[in-house]
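A short write-up of the structure that comes next.
Values below: every heavy atom of this structure, side chains too, minus hydrogens, waters and symmetry copies. Not measured: the values here are computed from a predicted model. One-based numbering, in listed order, for ligands and for the atoms of each.
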Amino acid sequence: MDISVVIPVYNEEGNLPLLYERLVQTLRPLTTSYELIFVNDGSTDRSLSLLKDLAKKDTSVKFIDFSKNFGHQLAAYAGLEHASGEAIVIIDADLQDPPELIADLYRTLQQGYDVVYAQREQRKGESWHKLLTAKLFYRFINRLSDVEIPLDTGDYRIISKKIKDIVVSMPEYNKFLRGQIAWAGFKQTSILYKRDERYAGATNYSYAKMFKFALDGITAFSNMPLRLATYMGFVVSLVAFFAIIYTLFQKYVNGTVVQGWSSLMVSILFIGGVQLICLGIIGEYLARILDNVKKRPLYIVRESNVAELTSADVQ
Ligand code: UDP
Ligand code: MG
């Protein structure tokens, strides 16, 4: 198998027929040995039956049907897990990522790269607040974390089998594929493209989902938020220290304070500082425990035509 294309699908009935056509048109000139892995992430429209129809008439179409909506990242991950290609493409189903770009991505990969990102030069048809939040998010996460996640890239990219095997072997529950792929290293590069408008339907990424996604990205690649409590603890303790000196000065030198005020102030400030430091320390440990306990099955498959997946197979 030369190329696997992984496509997370959530209520994309309006896009699937054209997507399929354009993918096949792009892939055929590249190789005869490719597969399209559609992961149906609990769609409530006709997406699944469309996929089954495609699978019936084209054996290169594989589908994995989740038991419910597990989210875009896990859908992409499940596709990666069952991809058998030497090169694997992750692409959105809504035609925002032009399938024709796969030819360029594939050619660049063959020049000896392990990851080729499709980097957005321009994004059409998206609201200014989506663009702004996306821009801020990528800059923020690069500031916080040690891995350098390329700016303005989504999950549209091609990766080698080597990278896929690394990403698939990471068992963590909160997936942040673009971070994990960047983290894996090897030779990575990007090519620029113009992002299209969604062909049909509306975005499935609500602000609530985007917020959770952002938190997953930040907590997966940075313990900074937890460390914040520790820093705050030290700052408060420092302030408390000066406040203690000030209150003692007021009491013994100026003698102008109300009875009991100094002892109250000193103890409140001091205890506050100590508490924050303790919280921060607990947070540090919590982060490390979290890193290690993620053992729940990542997703549940209801139905599939992928050989190694039987019905109700729990991964
Ligand atoms: N998607 C998914 N599960 C979800 C939400 C989205 O599999 O819970 C898929 C969706 O079908 C599409 C891709 O993820 O192929 C990107 O979603 P969308 O276009 O809604 O996000 P946006 O481009 O607006 O960020
Ligand atoms: Mg989209």
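- Ion pairing between E81 and K164 fails under the 4.0 Å rule for side-chain N and carboxylate O.
- Between Y156 and Y193, the ring centre distance stays below 6.0 Å.
- Applying the 4.0 Å criterion to heavy atoms of E12 picks out, from ligand 1, the atoms 10 (C), 11 (O), 12 (C), 15 (O).
- With respect to the salt-bridge test (charged N to carboxylate O, under 4.0 angstrom), the residues K62 and E35 qualify.
- Figure legend: cation-pi geometry between K162 and F186, with NZ or CZ positioned under 6.0 Å from the six-membered ring centre and within 45° of its axis.
- Between A75 and ligand 1, no N or O atom pair is found at a separation short of 3.5 Å.
- At least one N, O or S atom of D94, from either the backbone or the side chain, sits less than 2.8 Å from the Mg ion (ligand 2).
- In N69, the part holding a heavy atom less than 4.0 Å from any atom of ligand 1 is the side chain.
- A salt bridge links D65 with R302: the closest approach of a Lys/Arg side-chain nitrogen to an acidic carboxylate oxygen falls below 4.0 angstrom.
- Between K57 and D53 there is no salt bridge, since none of the side-chain N atoms of the basic residue sits less than 4.0 Å from a carboxylate O of the acidic one.
- Applying the 4.0 Å criterion to heavy atoms of A93 picks out, from ligand 1, the atoms 12 (C), 15 (O).
- Contacts of D41 with ligand 1, taken as heavy-atom pairs under 4.0 Å, involve the side chain alone.
- Residue H72 touches ligand 1 through backbone and side chain together, judged by heavy-atom distances below 4.0 Å.
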